[in-house]
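This report concerns only the one structure given below.
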Amino acid sequence: MKAMDRDTYEQFRDNVRRLAVDKVAPHSAKVDATRSLPVESLKAFRDANLIGLPFPEEFGGQGGDLMAQVICIEEIARVCATSAVSLFTSWIVLDPLVRYGSKKLVEEIVYPVARAEKVAAWCLTEPKGGSDLAGVTTKAERKGDNWVLNGTKRFITNATWADWYMVLARTGEKRTFGIFAVHRDDPGVSFGAKEKKMGIRGSPTADVILDNVTIPDSRVVGDPLKGYDYMTIGLTNSRPVVAAEALGIAQGALDEAVKYTKERQQFGQPIARFQMIRGMIADMAIKVESSRAMLYRAVEMIDADPVQARAYASIAKTLCSDTAMSVTTDAVQLHGGYGYLEDYPVERMMRDAKITQIYEGTNQIQRLIIAKHVLQD
Ligand SMILES: Cc1cc2nc3c(=O)[nH]c(=O)nc-3n(C[C@H](O)[C@H](O)[C@H](O)COP(=O)(O)OP(=O)(O)OC[C@H]3O[C@@H](n4cnc5c(N)ncnc54)[C@H](O)[C@@H]3O)c2cc1C
């Protein structure tokens with residue numbers, strides 16, 4: 001599946017939506033309540049080869065372009081954000097490896113992940129900071145033919161579940177970093193306790209601790225001095241995917257609000273008849289549709305020139321995630337007291353929406369990137 005025409009994208013969307021409604025949605029409340037991996041969703045993704053969606057066909061994937069990834073995640077997140085995160089994390093983690101990794105490393109890691117036999121995690125953030133990635137202190141030191149890694153990575157999605165950990169570690173002064181492939185079973189790797197989170201509760205998050213982890217030179221992704229550049233390019237591709245997660249959550253909340261306001265009666269009529277409610281629904285739709293338009297525009301720009309489009313990835317991520325927070329909050333409001341209960345999905349959606357304003361670079365950091373682009377400084 002390469003770049004598709006409009007009809008093919010819509011056909012693909014219909015297929016993913018059907019899968020999401022039939023196989024993902026029935027389990028989303030349970031996944032949230034039990035804070036457990038979305039095993040039913042993962043099986044459905046495996047059966048439909050969605051886990052391999054973005055990976056090149058020669059690596060066992062489908063070769064789906066960024067637009068296909070965005071459509072897929074939007075449709076899954078519409079019914080279950082945890083399932084969307086569990087699907088796309090390995091995609092975005094392995095982007096630098098697919099682009100810059102050696103054939104040997106790609107065969108060892110990308111093939112099994114694309115075939116849904118292994119799982120990957122991205123280790124950037126540290127206890128002292130996630131926004132200032134140039135301040136990362138985890139070190140990789142060359143010793144003979146090996147590299148020795150020391151440091152702690154915080155808030156790592158898929159930690160404990162993942163087999164492979166792509167670690168950003170300092171190899172020199174200032175912005176000199178490498179990306180290193182660390183396996184869960186490498187001596188010196190351990191994990192912190194699983195974090196108890198507000199949302200995306202079925203997705204495991206924990207510290208990854210590296211204590212004199214010694215790995216061969218063949219585990220370096222590309223050039224050990226260019227990891228920061230690889231990561232920056234990777235983020236330009238991953239931010240639209242997180243934006244799609246946010247957009248999906250917002251669309252799901254709007255759908256729930258439409259359904260509820262047409263059913264709920266007050267003062268002898270459905271609350272959807274009241275002008276103030278109609279205004280809220282209209283504002284939610286304006287936010288969702290304009291976010292979708294911006295996201296798809298950003299994807300087209302990234303396809304054309306990823307370096308120039310960096311700020312547009314940030315605009316899409318910021319707009320879609322702010323929309324998700326606003327629309328889910330309004331959806332809870334439109335459900336009245338019932339919106340505050342776990343019985344209705346909007347309560348979960350509002351909690352799930354929040355993370356999209358925080359990870360893959362907070363929205364304050366996105367605004368810094370956007371302002372730099374606009375001011376050209
Ligand atoms: C559930 C979850 C999953 C995650 N998954 C991963 C993962 O898989 N891999 C990974 O590496 N990381 C992951 N993260 C980490 C995430 O990317 C960071 O939490 C995020 O980048 C923010 O970093 P921080 O938490 O250290 O906040 P800080 O950087 O300490 O920021 C605190 C506040 O200050 C603001 N701020 C910071 N600097 C500036 C500035 N210059 N100007 C204005 N405001 C500023 C921030 O926007 C924020 O509001 C995850 C986090 C969570 C909660």
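No experiment lies behind these values; they were computed from the predicted model shown. Both ligands and their constituent atoms are indexed starting at 1 by order of listing.
Within the 4.0 Å heavy-atom cutoff, G129 counts among the residues contacting ligand 1.
Salt bridge status for E10 with R13: present, with a side-chain N to carboxylate O gap under 4.0 Å. Between D255 and K259 there is no salt bridge, since no side-chain nitrogen of the basic residue lies less than 4.0 Å from a carboxylate oxygen of the acidic one. A salt bridge is defined here as a Lys NZ or Arg NE, NH1 or NH2 lying under 4.0 Å from an Asp or Glu carboxylate O, and R292 with E289 meets this definition. A salt bridge does not link E40 with K23: every distance from a Lys NZ or Arg NE/NH1/NH2 to an Asp or Glu carboxylate oxygen is 4.0 Å or more.
The closest heavy-atom contact to atom 1 (C) of ligand 1, among the options K197, Q366, K354, comes from K197. Between the choices A159, G135, A162, G130, the shortest heavy-atom distance to atom 24 (P) of ligand 1 belongs to G130. Evaluated by nearest non-hydrogen atom to atom 27 (O) of ligand 1, the leading choice among S131, S203, A206, G199 is S131. Residue nearest to atom 8 (O) of ligand 1, selected from L168, T157, I200: T157 (by heavy-atom distance).
In terms of protein heavy-atom proximity, atom 39 (C) of ligand 1 is closest to I365 CD1, 3.9 Å. Nearest protein heavy-atom neighbour of atom 53 (C) of ligand 1: I355 CD1, 3.4 Å. Given atom 44 (N) of ligand 1, the protein heavy atom at minimum distance is Q364 CB, 3.6 Å. From the protein, the heavy atom lying nearest to atom 4 (C) of ligand 1 is F155 O, 3.0 Å. Given atom 17 (O) of ligand 1, the protein heavy atom at minimum distance is T125 OG1, 3.7 Å.
The nearest protein heavy atom to atom 33 (C) of ligand 1 is not closer than 4.0 Å. Note that atom 22 (C) of ligand 1 has protein non-hydrogen atoms nearby, at separations under 4.0 angstrom.
The distance from the OH atom of Y312 to the CZ atom of R297 is 7.5 Å, given to the nearest 0.5 Å. The distance from atom CD1 of I215 to atom CG of D186, rounded to the nearest 0.5 Å, is 7.0 Å.
Side-chain contact check for V167 versus L149: some heavy-atom pair is nearer than 4.5 Å. In this structure the side chain of L133 reaches within 4.5 angstrom of the side chain of M231, judged on heavy atoms. Side-chain atoms of N363 and D322, non-hydrogen and from C-beta on, do get closer than 4.5 Å to each other. Contact check for R78 versus V16: no side-chain heavy atoms found under the 4.5 Å cut-off.
No part of N158 comes within 4.0 Å of ligand 1, judged by heavy-atom distances.
Close contacts between ligand 1 and T362 involve ligand atoms 22 (C), 46 (C), 47 (O) [criterion: under 4.0 Å to a heavy atom]. Counting atoms of ligand 1 from 1 in the listed order, those under 4.0 Å from a heavy atom of L124 are 10 (C), 11 (O). The L368 neighbourhood of ligand 1 comprises atoms 40 (C), 41 (N), 42 (N), with distances under 4.0 Å to a heavy atom of that residue. Atoms of ligand 1 found under 4.0 Å from any heavy atom of I358 (numbered from 1 in listed order, with element): 20 (C). Taking every non-hydrogen atom of W122 and a distance limit under 4.0 Å, the qualifying atoms of ligand 1 come out as 7 (C), 8 (O), 9 (N), 10 (C), 11 (O).
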Show me the donor-acceptor pairs within less than 3.5 Å that the side chains of residues 232-243 make with the rest of the protein, sequence neighbours left out.
residue, atom, partner, partner atom, Å
T232, OG1, Y228, O, 2.8
T236, OG1, T232, O, 3.3
N237, ND2, I233, O, 3.3
S238, OG, G234, O, 3.3
S238, OG, L235, O, 3.4
S238, OG, E360, OE2, 2.6
R239, NE, E360, O, 2.8
R239, NE, Q366, OE1, 3.4
R239, NH2, E360, O, 3.4

